[in-house]
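Since this is a predicted model, take the numbers as computed values, not measurements.
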Amino acid sequence: MEAAMTLTRRRMLGLVGGGMILAAGGGAGWAATREPQLAGRPWQLAGTYEGPRERALSWALLAPNPHNRQPWIADLREEGIVTLRADLGRLLPETDPYSRQITIGLGAFLELMRMAAAADGYRVEIVPFPDGEDPSELDGRPVARAVFLKEPDVAREPLFAQALARRSNKEPFDMTRPVPAASLERIGDVVRGTRFGNTVTEAEVVALRALTREALRIEVETPRTFQESVDLFRIGWREVDANPDGIDFTGPLFESLRMAGLFTREAAADPSSQVYRAGLDAVFANADSAMGHLWLVSRDNSRVGQLAAGVDWLRVNLAVTTEGLGVQPLSQALQEYPEMDGLYREIHARLAPEGGTVQMFARVGFGAVVPPSPRWSLESKIRNA
């Protein structure tokens, strides 16, 4: 779901020559240590709004989603109802040509909204695609209609306690710490509408690492699919605050590289540049540090099935957090464009030999604590008129 591209501190050091970081003094030093201010506010404001719909939505917008595009619009014009629509300006036509992954992200949004409403004493009745669906593309029709009903005795969801701690961990995992098989079994228990698969068996993990590495290589070395990611790079705190979506690169190291002109979107897209090569090494390092894998399989690839996969993907994320593990989606091999067709068929033969559609695939392991992804404000995602 969220982007695989990351450049770790250790690997980025090579970009400034001999491991030497630029000395930044005065105003430059201040800029190098500056962090985004606005992009993190939604995490602080979750649950603080007055109306029950607004409170639930302020949690929902923290849900995982592909490339952090945050492709949701909540229409509140009907009293007591949220009509969810896809923001058609936030699709990923190259890597997600049928908006399957976008729809999964919308399903995760709906599930986190439902959990938050329940914690507030509201039951939410959700009707997916009430005006019909198009399997080839998302359009202006509603993705879901959600009716909020006051019900103080509605069942609370224990997983909701992890909503603020949930992360997509885009750093290498600790390869000295095995993932307990029992943890993955407990994670699988939270799944409702899809089939849950997992492995920590060494031979299987090694094979899936190799498959993932090859899928990442194809995506990065296919110019149009990689450019889609590069266009969404947000380099430095100013860009992240101005556009708190996409793939963020913040912190002293990236600010210093940006100020020195060493890390730009142009360099990142140039196969002859050090930034490009370091980026490819970094995504390989992530794939190669997988200590286990998990996946979700739906019976069909309908829009309703994709939403159900999003519900379960949110639940799996929260359960992973409960277990103290890290998770990162690595769904490149599931993407439906021609260059990926061979690996698409291979991963389905491996993970869904009995049929169905593999909707999500991810690596798991023990990893460093990472900050939350940037988010647009709730106000920017609501339509009242």
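Between Val297 and Phe196 the shortest side-chain heavy-atom distance does not fall below 4.5 Å. Using a 4.5 Å heavy-atom cutoff, the side chains of Pro142 and Leu84 are not in contact. Side-chain contact between Tyr122 and Arg114 is absent, with no heavy atoms from C-beta onward closer than 4.5 Å. A 4.5 Å side-chain heavy-atom check between Asn243 and Trp376 finds at least one atom pair inside the cut-off. Side-chain contact between Thr225 and Gln227 is absent, with no heavy-atom pair separated by less than 4.5 Å. Asp96 has its side chain out of reach of Gln335: every pair of non-hydrogen atoms, C-beta onward, lies at least 4.5 Å apart. Within the 4.5 Å cutoff, the side chain of Pro178 has no heavy atoms near those of the Val200 side chain. The closest side-chain heavy-atom distance from Pro66 to Leu92 is below 4.5 Å.
By the 6.0 Å and 45° rule, Arg375 does not stack over the aromatic ring of Trp72. A cation-pi arrangement is absent between Arg258 and Phe263 under the rule of less than 6.0 angstrom and at most 45 degrees off the ring axis. Remark: Arg123 is not positioned above the aromatic ring of Phe148, lacking an NZ or CZ atom under 6.0 angstrom from the ring centre and at most 45 degrees off the axis.
Qualifying side-chain hydrogen bond (donor to acceptor under 3.5 Å, both in side chains) partners for Ser99, counting only residues two or more places apart in sequence or in other chains: none. Contacts of Trp295 classified as ring pair (Phe, Tyr, Trp, His ring centres under 6.0 Å), with partners at least two apart in sequence or in another chain: none. For Tyr344, the ring pair (Phe, Tyr, Trp, His ring centres under 6.0 Å) test picks out His348, with sequence neighbours left out. Residues passing the side-chain hydrogen bond (donor to acceptor under 3.5 Å, both in side chains) test with Arg277: none are found, sequence neighbours excluded.
Checked by atom type and distance alone, the side chain of Arg100 pairs as donor or acceptor with a backbone atom of Gln359 at under 3.5 Å. In this structure a side-chain-to-backbone donor-acceptor pair under 3.5 Å is present from Ser58 to Gly47. With hydrogens and angles disregarded, a donor-acceptor distance shorter than 3.5 Å links the side chain of Glu239 to the backbone of Ile235. Of the possible donor and acceptor atoms, none in the side chain of Arg234 sits under 3.5 Å from a partner among the backbone N and O of Thr250. Proximity of a side-chain donor or acceptor of Gln332 to a complementary backbone N or O of Thr212 within less than 3.5 Å is not detected. In terms of modelled atom types and a separation under 3.5 Å, the side chain of Gln306 and the main chain of Asn301 share a donor-acceptor contact. Proximity of a side-chain donor or acceptor of Arg85 to a complementary backbone N or O of Gly140 within less than 3.5 Å is detected. Checked by atom type and distance alone, the side chain of Lys170 never pairs as donor or acceptor with a backbone atom of Val370 at under 3.5 Å. No donor-acceptor pair under 3.5 Å is formed between the side chain of Thr201 and the backbone N or O of Ala203. Between the side chain of Arg177 and the backbone N or O of Phe366, no donor-acceptor pair lies under 3.5 Å.
Within a 6.0 Å radius of CZ in Arg156, more than 12 heavy atoms belonging to other residues, nucleotides or ligands are found. The environment of Tyr98 atom OH is sparse: at most 12 non-hydrogen atoms of other residues, nucleotides or ligands sit within 6.0 angstrom.
Smallest separation of non-hydrogen atoms from Val124 and Ala146: CG1-CB, 3.6 Å. Residues Ala287 and Leu330 come closest through the heavy atom pair CA-CD1, 4.4 Å. Residue Ala39 comes nearest to Val240 through the heavy atom pair CB-CG1, 3.7 Å, listed as atom of the first residue, atom of the second, then distance. When every heavy atom of Asn384 is checked against every heavy atom of Arg77, the shortest pair comes out as O-CG, 3.2 Å. For Ala352 against Val358, the heavy-atom pair with the smallest separation is CB-CG2, 3.9 Å. In this structure, Gly305 and Ser298 approach most closely via the heavy-atom pair O-CB, 4.4 Å.
Checking Pro374, Pro244, Ser168 one by one against Asn68, the side chain to side chain contact (heavy atoms under 4.5 Å, CB included) holds for a single residue, Pro374.
At a threshold of 4.0 Å, the pair Glu157-Arg192 counts as salt-bridged, since one of the basic side-chain nitrogens sits closer than that to a carboxylate oxygen. A salt bridge links Asp245 and Arg69; the closest N-O separation between the charged side-chain nitrogens and carboxylate oxygens is under 4.0 Å. Salt bridge absent: Arg265 and Asp231 never bring a charged side-chain N and a carboxylate O closer than 4.0 Å. Between Glu346 and Arg350 there is a salt bridge, since a side-chain N of the basic residue sits under 4.0 Å from a carboxylate O of the acidic one.
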TODO: Test Arg299 against Thr194 for side chain to side chain donor-acceptor pair (under 3.5 Å), laying out the working first.
DONE: CA-CA 7 Å; Arg299 284 188 297 177; Thr194 59; over 6 Å; no
Open item on the list: side-chain contact (heavy atoms from CB on, under 4.5 Å) for Val230 and Glu228? Distances and angles first, verdict last.
Closed with: CA-CA 6 Å; Val230 172; Glu228 187 170 72; over 6 Å; no
TODO: Please lay out, stage by stage, how Glu221 and Tyr276 fare under the test side chain to side chain donor-acceptor pair (under 3.5 Å).
DONE: CA-CA 10 Å; Glu221 293 185 0; Tyr276 179 96; 5.0 Å; no
- [ ] For side chain to side chain donor-acceptor pair (under 3.5 Å), just list the numbers for Gln162 and Thr321, CA-CA rounded to whole Å, side-chain angles, deciding distance to a tenth of an Å, and then say yes or no.
- [x] CA-CA 7 Å; Gln162 301 297 334; Thr321 307; 5.2 Å; no
TODO: Let me see the working for Arg238 and Glu255 under salt bridge (charged side-chain N to carboxylate O under 4.0 Å, His left out), right down to the final yes or no.
DONE: CA-CA 10 Å; Arg238 287 185 178 87; Glu255 294 290 354; 5.5 Å; no
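One distance of note links CG of Asn65 with CZ of Arg90; it measures 9.5 Å at 0.5 Å rounding. Interatomic distance, CZ of Arg141 versus CG of Asp134, reported as 6.0 Å (0.5 Å rounding). If you take OG1 on Thr322 and CG on Leu318, they are separated by 7.0 Å, rounding to the nearest 0.5 Å. Separating the CD1 atom in Ile218 from the CG atom in Asp341 is a distance of 10.0 Å, to the nearest 0.5 Å. With rounding to the nearest 0.5 angstrom, the CG atom of Leu211 is 13.0 Å from the CD atom of Glu204. Distance check, rounded to the nearest 0.5 Å: CZ of Arg145 to CD1 of Ile126 gives 12.5 Å.
By the criterion of side-chain heavy atoms lying less than 4.5 angstrom apart, applied directly or through intervening Ile, Leu, Val, Met, Phe, Trp or Tyr residues, Leu280 is grouped together with Leu262 in one hydrophobic cluster. The same ILVMFWY cluster, assembled from side-chain heavy atoms under 4.5 Å apart, contains both Leu57 and Trp59. Note on Leu112 and Val154: separate hydrophobic clusters, where clusters join Ile, Leu, Val, Met, Phe, Trp and Tyr whose side-chain heavy atoms are under 4.5 Å apart, directly or indirectly. Ile247 and Leu38 end up in different hydrophobic clusters when Ile, Leu, Val, Met, Phe, Trp and Tyr side chains are linked at under 4.5 Å. Criterion: ILVMFWY side-chain heavy atoms under 4.5 Å apart, direct or through other members. Under it, Ile102 and Leu88 are part of a common hydrophobic cluster.
Among residues at least two apart or in separate chains, salt bridge (Lys or Arg N to Asp or Glu O under 4.0 Å) pairs with a member in residues 41-68 are Arg55-Asp120.
Cluster partners of Val147, using a side-chain heavy-atom cutoff of under 4.5 Å among ILVMFWY residues and allowing indirect links, are Ile81, Leu149.
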